[in-house]
Protein chains: 2
Amino acid sequence: MAIDHLDGRLITLLAREPRIGVLEASRRLGVARGTVQARLDRLQSNGVIRGFGPEVDPAALGYPVTAFATLEIKQGQGAVVRAHLTTVPEVLELHTTTGHGDMLCRLVARSNADLQRVIDRVVGFDGIVRASTAIVMENPVPLRIIPLVQQASED
Amino acid sequence: MAIDHLDGRLITLLAREPRIGVLEASRRLGVARGTVQARLDRLQSNGVIRGFGPEVDPAALGYPVTAFATLEIKQGQGAVVRAHLTTVPEVLELHTTTGHGDMLCRLVARSNADLQRVIDRVVGFDGIVRASTAIVMENPVPLRIIPLVQQASED
DNA sequence: GCATCTGCTGGGCACTATGCCTAGCGGTCG
DNA sequence: CGACCGCTAGGCATAGTGCCCAGCAGATGC
């Protein structure tokens, strides 16, 4: 479950240039092809690398507005609220949290006006007591993992 | 920028089985290989598909704790705070938002105790007035895009 | 009505990568 | 000391890739 320096370099390389194959990666890293293959297999069966799915940009799909909604849930209604939110395509992510709210979800919408529709659909559900929404203006650090991988591979 | 049904099926297929190649995808979709290649090229140059980077699980790297921190920033200190947060590997994502806070960031840590260290490092910075943190307990809906792709490809 | 353009098909080609194998070699550990 | 593990280096058949072409159907423009 701990990763070494070679694993870190491999992940970084794949993140930068995902289209390269095992052979090309082994050339870049200066190791044998079998080694890269073995490392990749291990990282995947470890669960460190979950997969290589396409990263889709919601903005390019016509959903340029992102927001985070904090939801407060009526006691004992957690499960149904989850099930409800799962059915809303604009809900990209849902977490249950400690703190002021009970759940935090990431939403996207076609426009600020459309966001109203999405929020209505999300919170227009028995079991949700209160919702507060924060609209994302800028995204100075898009979801990233490389710095963490490098830290993890150095110790 | 709008995607049609074939694009939707292609993205869904690639998300489910990322390891298949263009040829195999064309067989599954029942279209010619050149078509799949052309669609993929278009989706990528459109920016709809940003890439095929490895999805790394922070938990498997030894960072099983996730938290969201809402930060309040001193007027005019936005830029330096961003630069500061960029240097912290445990900051996976950073947004500037409307609403109660000014910024929202996603953090990971090795443990709840370690989270304290991360938060100290994040907020121990002149320019941050106040921070409130919500620790993630469960993640009923992990980051997903397929339902949105399917909605977008149907209209 | 006719020419043009675009997107898809179906095929062919050389080249490359893959999956899978073997043998050897230097470490570590009981 | 012997067994084991990870890495190297190579060989081999198969499959996929990148790139080409000609043909064809539907939409668009004149």
Side-chain angles (χ1 to χ4, degrees), chain A residues 1-57 59-62 146 148-155, chain B residues 1-57 59-62 146 148-155:
Chain A
M1 195 152 285
I3 65 173
D4 69 7
H5 193 60
L6 181 57
D7 291 321
R9 288 203 300 146
L10 176 57
I11 294 175
T12 305
L13 177 62
L14 289 175
R16 248 198 286 276
E17 306 175 52
R19 320 215 63 173
I20 69 174
V22 173
L23 183 57
E24 180 61 21
S26 73
R27 282 196 281 251
R28 304 282 186 92
L29 298 174
V31 298
R33 179 164 69 107
T35 305
V36 172
Q37 223 142 24
R39 295 300 187 108
L40 256 187
D41 289 349
R42 194 171 55 83
L43 289 171
Q44 295 206 56
S45 59
N46 269 349
V48 174
I49 296 182
R50 236 174 313 192
F52 291 88
E55 289 158 30
V56 177
D57 183 1
L61 275 183
I146 298 302
L148 194 71
V149 167
Q150 282 172 354
Q151 184 174 86
S153 68
E154 273 160 19
D155 50 33
Chain B
M1 194 152 285
I3 64 172
D4 69 7
H5 193 61
L6 181 57
D7 291 322
R9 287 204 299 146
L10 177 57
I11 294 174
T12 304
L13 177 62
L14 289 175
R16 248 198 285 274
E17 305 176 54
R19 319 215 63 172
I20 69 174
V22 173
L23 182 58
E24 180 61 22
S26 73
R27 282 195 281 252
R28 305 279 187 92
L29 297 174
V31 297
R33 179 165 68 107
T35 305
V36 172
Q37 223 142 23
R39 293 302 186 106
L40 255 187
D41 289 349
R42 193 170 56 80
L43 289 172
Q44 296 208 55
S45 58
N46 270 349
V48 173
I49 296 181
R50 238 173 304 175
F52 291 88
E55 289 158 30
V56 177
D57 182 1
L61 275 184
I146 297 303
L148 194 70
V149 167
Q150 282 173 353
Q151 183 174 85
S153 68
E154 271 161 18
D155 49 33

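Labels below follow one simple rule: chain letters A, B, ... track the order of the sequence lines, proteins then strands, and each chain is numbered from 1. Hydrogens, waters and symmetry mates are skipped; everything else that's a heavy atom, side chains included, is used.
- Judged purely by atom type and a 3.5 angstrom limit, B:Asp41 has no side-chain atom pairing as donor or acceptor with the backbone of B:Ala38.
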Query raised in the report: Hey, mind stepping through A:Leu6 and A:Thr35 against side-chain contact (heavy atoms from CB on, under 4.5 Å) and telling me if it holds?
Result: CA-CA 10 Å; A:Leu6 181 57; A:Thr35 305; 4.1 Å; yes
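- Rounding to the nearest 0.5 Å gives a distance of 5.5 Å between CG of A:Leu40 and CD1 of A:Ile49.
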Where do N or O atoms of nucleotides 22-27 of chain C meet protein N or O atoms at under 3.5 Å, pair by pair?
none

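- Atom CG of B:Leu14 sits about 9.0 Å away from atom CG of B:Leu43, to the nearest 0.5 Å.
- Remark: C1' of C:dG19 and CD of A:Gln44 are 15 Å apart, rounded to the nearest angstrom.
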Query - Contact letters for nucleotides 11-28 of chain D, in which S counts primed atoms plus P, OP1 and OP2 and B counts the base, heavy atoms under 4.0 Å - result: B----SBBB---------
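- Atom CZ of B:Arg9 sits about 11.0 Å away from atom CD of B:Gln150, to the nearest 0.5 Å.
- When the C1' atom of D:dC7 is taken as reference, atom CG of A:Leu40 falls 15 Å away, rounded to whole Å.
- The distance from the CZ atom of A:Arg39 to the CZ atom of A:Arg42 is 5.5 Å, given to the nearest 0.5 Å.
- Computed from C1' positions of five pairs at each end, the angle between the two local axes of the helix from C:dG1-D:dC30 to C:dG30-D:dC1 equals 40°, rounded to 10 degrees.
- The nearest whole Å value for the distance from the CZ atom in A:Arg42 to the P atom in D:dC7 is 8 Å.
- By the 6.0 Å contact criterion, CZ on A:Arg16 is open, its count of non-hydrogen atoms from other residues, nucleotides or ligands being 12 or less.
- Residue contacts for B:Arg39: at a heavy-atom cut-off of 4.0 Å it reaches the sugar-phosphate backbone alone, with no base atom in range.
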Query raised in the report: Could you go step by step and tell me if B:Asn46 and B:Ile3 meet the side-chain contact (heavy atoms from CB on, under 4.5 Å) rule?
Result: CA-CA 10 Å; B:Asn46 270 349; B:Ile3 64 172; 6.0 Å; no
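- Separating the CD atom in A:Glu24 from the CG atom in A:Leu29 is a distance of 10.0 Å, to the nearest 0.5 Å.
- Distance check: B:Gln37 CD to B:Leu23 CG gives 9.5 Å after rounding to the nearest 0.5 Å.
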